[in-house]
K.L.:
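What follows is a single structure, and I will ask about it in a moment.
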Amino acid sequence: MLNYIARRLINMIVLLVAVSFIGFFIIQLPPGTILDVQLQKLRQMGGDVPRDQIKALELRYGINDPFVVKYWKWVQRSAAGDFGTSYLTDQSVGERIWGRLSVSLGLSLFALIFTWLVSIPIGVYSATHRYTTPDYIVTFIQFIGLAIPGFLLALIILIFATRFFNQQVGGINSSEFMDQPMSLAKFMDMVRHLWIAVLVLAFGATAGLTRVMRANLLDVLNMQYIQTARAKGLDEAVVIWKHAVRNAIHPLVMSLGTLLPALVVGETLVAQVLSLPTIGPMYLDALRAEDMYLAGTILVMLSALLLIGNLLADLLLAWVDPRIRLE
Amino acid sequence: MTSQPTTPPTTTDDVVRVEDLKVSFYTQLGVVRALNGVSFNIPRGKVLGIVGESGCGKSITGMSIMQLVASAGKTEGGKILFREFAGGDAVNVLDYERNSPEMRKIRGNNISMIFQEPMSSLNPCYTISDQIEEAIRLHQTEDKVESRQRAIEVLTKVGMPNPARIADSFPHELSGGMRQRAMIAMALSCTPTLLIADEPTTALDVTTEANILDLMRELQSEIGTSIMFITHNMGVVAQMCDEVAVMYLGRVVERATVDDIFYEPRHPYTIALLQSIPRLGRTKGRLASIEGSVPDPYSRVNGCPFHPRCPVAIKGVCDTILPEETIVDAAKGHTVRCHLYS
Amino acid sequence: MSAKLHRRNFLRLSAMGAASAAIVACGGNTGTASNTAAEPTKAEEVKLQPTTPPVATAVPAVQTTFKQSPSLDKDVADGKLPNVDARLPKAPYTPPHVWLTVGKYGGKLRKTYANTWGIAGFQQESMYGHSILRYLKDGLAIGPGLAESWEATPDATKWTFKFREGLKWSDGQPWTVGDIMYWWESMVGGNGKEATFPAGLKPVEGPPDEARSGKGTLVKINKVDDFTMEMVFDAPAPLTADRIAMWVNAGIGPRWMAPAHYMEQFNPVLHPDKNKDWEMHSKKVDFINPDLPRMSGWYLAKYEDGVRTVWQRNPYYWCVDSQGQQLPYIDSVEIAYVKDKESEKLAYLNGQVDHAHFHTQTLGDIKDFKDGAAKSNLNVLFWDSGSGTGSMYFFNFDYKDAKLRAAFRDPKFRQALSHAYDRADVQKAVYFGLGELSNGTMSPKAIEYNFNDEAKKRYAEWRDSYIKYDPAAAEKMLDDAGYKKGKDGKRTLTDGSPLQILVTYPADESPNGEHLQKNDRLIKNWQAIGIDCVLTPIPNKEYDDKWHAGDIMMKTAWEVGDGPNHLVYPQWVVPIEGDRWAPVHGKGYDVRGTATEKEEADVDPWSRKPARLQPTDKDFDPVIGKIYDIYDKTKVEPDVMKRHQMVWDMIKIHVESGPFFSGTITNQPRIILAHTELKNVPTRDDLAKEGLGGFVNPWIIPAPATYDPETWFWDDATKHA
């Protein structure tokens, strides 16, 4: 087992190096550089940028360094824990990511827990009450959830909420709470700001997960061992929750593998609409502006999270289902 | 349906007495009348074999006794009288809700069941001991140590080598025969009054099958549990059963002792079934098969349901009138549903 | 003195109602050779505008009665802050606007920004605190800033700036000319200091335009004393004051200063032992660094990436109101980050914002704002954009293909297409009928169009040329010029070869934006007269390179908003760089006087690196040559009236041989949202009384910094805490 994990970890490092190199290469592939973006910005502000100024900027951004040199500089520094500077704001990359990570993770975990708490019971209900009116209603809502893009839903809810509940637009706290230490009031204020995001993120995910849960559970309920369990005299609820759900939950556990990176950037569009300070929109901006070090660092971070997530999912699956053995 | 429920002729104490049981399945394709008035009894301490082709309703009958028929199946009439102790009061299990505490108290405790597929009838996520202990703790004792001890005992009883180790194994770590032993252990863990075995050996190879049958027979005599043994295999019937009920299209067509079935079969269907068994020494020629096939389950057949396939059907009689259950040998409790004997 | 009389005349004639005597004097500085001082020395001038608060420097008595915000009282009492007299310079600046009333202290101003940099960009458009000089009256005048007076020698080769004594950074450290010298010598490498930089280290910023003389050579900046700076040029540099007044500086446009006492430690030139490159220095000097000391009315107290910025009152801010109360009135400014345009609009309608300066909201949103006023409490104000063109188009005068280039250079061809363009339709559909139709000019706010009746006539002439929508006349012009219709009804080039115009635009333009909506209508107008044209998106990042090389036919998603003076921003009138209508000429002009000019003489101009045309090339256009000749003279002409005359001469060429760029409308308004209880925010009428009704578009005249948000206040600050 330890052997297995060690081997997986070594593979991961090799993969990460490859991913970072290729990722870096792709990020700088589109024509133009961060300099063009900055110049465009300066020009939009109405200025013509003097030649001397452009030269100074080129030098500052190391525009004329060959790709490999840029990459190597970044790798060297990253190894020492310094991921470079974000050109867009002149802050350190680590600082920018760190500043947003907690909100990203918090929001996504919230949404995830919400999703699981809602979709598993609903999926179970839907499967055990197949072809009943509630099942049809649930199915209908699920298809709506799958069909409406999250950002649109966010906008729609936001408009209604501002109109009817005096919802605050944007951010995670009202300004009067921003400088205060955490308290119940501040937490409630945060809930007031984040509920739309959690709802929207969870709604789409719930729709998909409920479908999966329903379909799986239907399969499992036809298995002989469910009859065995019933034949023992177990209460139907125990049969469903202890014997059926545990066997139907595999895909949910497998989905945990892709979850870690999704936790960090999955909410991009929704966060964009709701103006939440999460990593997703920052990653998008970084890619568009070719903010190399920021984009590259996030990319590698996401890849690492994906690999770690998969490892954890495999371990978890082995725990849930003894048939899966780790050699 | 004019079938008049007649009291089965035996007067000994019955564990279960099924009277005119009717079960239909309402599906999108139509109504399937799975049981059309099944009546039989299981004498205490005996092994009753239920035989018949696939689709004749023998499994449904077993499930009905357990009240485990899928929710699409509706019980539309009849009684299932269960008598836990000899001379005790009989209860009609159909009076209980499927998931009621009373029914659950009977299930697994008084009546348990073994299924056909040992590969899939154990939950892959739990150890053997977990699954056996679950039943014990539900019905017998809540003490963890004791339940564990009993689980190992019962595993020992079913002849598991190294039962303590097996107890902590997961189903996928065991062979098919071992799993079926484990299933039997689970079924017997609460020393039930009745064990319903639904083709318990069909999926096993011949050697294993023999071992399992031996084991069941042995345990039956040791514990005294009555067994309802559902099978389509006449050979197994001969080996296991004391009495036999032959089913065709949701009805019991013949009911007799195992000897009478083999040596004095009356119903043309029983005769045809017996002719389809391969026998040692009779190596030449094709094995006889029953002409035609079981009718489409959604259609209804007038008269005797077997008449389209019956070699001795009487025109004008068998195809119009449903034969009543007729006693051919009251002493042995031999009954048959056929116009030839009415 | 005669020059001075001229100036007074034109200011009085310019129909601007009120202006302080100080502004008159300072406005006179616009490129003058002989300025005395900012103080109004003649009593009659003060009498002319009795309602206007006099500049504080002129009323020394006020100094004894300076007052501060009560929010600072405690810090002063505790000894954490010096008292207000010690924090202010000897002669603080007083905003002179006609609409100002004396305000009250306190409260908070809530704003949003929808773009990444804008969250900190409050400084970049709203606070003139780092400016040496400033524009007043929508660009008609130049006023004092950190410098209280300035003068130039008659030939405009030496400029002397006198700064306010006792200026302090927001951390209380004194501001001196040394802070300018730090930027000039230790960041730009001016005064020859670049040669002393450690090996491999290049300057981190380049010298701005105002650091060059008319001949293009760099200035020598001398620190005479802590409050006196000299700029010495080798040739006349008459535009120095106009250029120094541009931008808010210190984060946008030329920096001009940095807090040396704070920045020196990060400087790799001064401390090569501690810093091997500029990286840390760049981080620290960035406006989003809360530790960076400022000169503006509010300093950045918090920068929370993706959340908000919070700005707090700078207790050392160097401006006071007419009663001697230190500005700003409002305690703090909180700017929330709202990333999505629609969400931002919701935030406005939801009453979460006190002021918004046109960024993402367009004229189409007006109705929603008016309807939502009950909840949003926002007044919708219209300030003039000062746009010269609205959405515009122009051909690449230096297109690589010789046959098409000949058409694009043919004035008749361009004039015919201009007559075929139905501007009124676009004005109605895209601009809600606002603005005036225009052929496309520099900003109508430009001084050369406004200072007297002749100026207005010159402007109207350019604006009205070739704008009559007359497809029949356009067809006749094209027929006469030889662009005849072929059998398929499509017009050809004069030699009969096919003519297809690719109406190119950057691929990321918003489909509902004004430019693409205009383009849709434009090509229909042109197709109607037999011009084969196709909308063609080009990836953004390739646009510039291809344009410079003459590979792209048109630019159709731009707008001219520049003033306030044709000569500080001449690129639209004179092709001196590569982004506008004559890129290859522009690049040629750009390398004049450099070593590159002589290289590749026998190479085809479009194959040179970069592609460039020089006067000796056969494809060099004589009309552009004429413009260059005039422009070169303006750069060393100290007399402002002569310069205006030269600008008119160049405009005449644009009218006769143009249009080189074609606009749609001029001066459509911009939406400004301001809380109904926010005081001292000017209306368009206020702006028209003092200046030109607003001039919002260009960053070189940074609105609303030009209207001093430090003077805005809440009547009842407790409601806006």
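Predicted model, so just to flag it, every value in this text is computed and none were measured. Lettering follows sequence order; numbering is per chain, from 1.
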K.L.:
Would you mind reporting whether B/M247 and B/I50 have side-chain heavy atoms less than 4.5 Å apart?
P.N.:
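Yes. Closest side-chain heavy atoms under 4.5 Å.
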K.L.:
Just verifying a value: how many Å separate B/I196 CD1 and B/I42 CD1, rounded to the nearest 0.5 Å?
P.N.:
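That separation rounds to 6.5 Å.
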K.L.:
So which residues of residues 125-141 of chain B are in contact with chain A at a heavy-atom cut-off of under 4.5 Å?
P.N.:
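Listed by number: B/C125, B/Y126, B/Q131, B/E134, B/A135, B/L138, B/H139.
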K.L.:
Is the count of non-hydrogen atoms from other residues, nucleotides or ligands lying under 6.0 Å from A/W98 atom CH2 greater than 12?
P.N.:
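No, because the 6.0 Å sphere around CH2 of A/W98 holds 12 heavy atoms or fewer from other groups.
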K.L.:
With respect to chain A, which residue among B/P124, B/G108, B/P171 yields the maximal number of heavy-atom pairs within a distance under 4.5 Å?
P.N.:
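The answer is B/P124.
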K.L.:
Could you verify whether a donor N or O on one side chain and an acceptor N or O on the other, from B/T201 and B/E209, lie under 3.5 Å apart?
P.N.:
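Checked: B/T201/B/E209 side chains pair up, N/O donor to acceptor below 3.5 Å.
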K.L.:
Do B/T202 and B/E199 have a side chain donor and acceptor closer than 3.5 Å?
P.N.:
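There is such a pair (donor and acceptor under 3.5 Å, judged by atom type) between the side chains of B/T202 and B/E199.
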K.L.:
For B/V69, is there any backbone N or O sitting under 3.5 Å from a side-chain donor or acceptor partner on B/R98?
P.N.:
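Yes, B/R98 side chain to B/V69 backbone: donor-acceptor pair under 3.5 Å.
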K.L.:
Check the side chains of A/H243 and B/N123 for a donor-acceptor pair under 3.5 angstrom, ignoring hydrogens and angles.
P.N.:
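Yes, side-chain donor-acceptor contact under 3.5 Å.
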K.L.:
Considering all heavy atoms of both residues, which atom of A/L307 and which atom of A/M12 are nearest to each other, and what is their separation?
P.N.:
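Of all heavy-atom pairs spanning A/L307 and A/M12, the closest is CB-CG, 3.5 Å.
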K.L.:
Measure A/V220 against the heavy atoms of chain B and call it side chain, backbone, both or neither at under 4.5 Å.
P.N.:
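It is neither, since no heavy atom gets under 4.5 Å.
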K.L.:
Using non-hydrogen atoms and a limit below 4.5 Å, what part of residues 180-187 of chain B faces chain A?
P.N.:
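Within residues 180-187 of chain B, near chain A: B/M183, B/M186.
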K.L.:
With a 3.5 Å cut-off and no angle check, do the side chains of B/S24 and B/E76 form a donor-acceptor pair?
P.N.:
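Per modelled atom types, B/S24 and B/E76 side chains form a pair under 3.5 Å.
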K.L.:
So which part of A/I226 gets closer than 4.5 Å to some heavy atom of chain B, the side chain, the backbone, both or neither?
P.N.:
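Contact with chain B involves no heavy atom of A/I226 at all.
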K.L.:
Got a salt bridge between B/R148 and B/D143, using NZ or NE/NH1/NH2 to carboxylate O under 4.0 Å?
P.N.:
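Here B/R148 does not pair with B/D143 in a salt bridge, since their nearest N and O are not under 4.0 Å apart.
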K.L.:
Please report the closest heavy-atom contact between B/F40 and B/T61, naming both atoms and the distance.
P.N.:
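Smallest heavy-atom distance, with atoms named: CE2-CG2, 3.3 Å.
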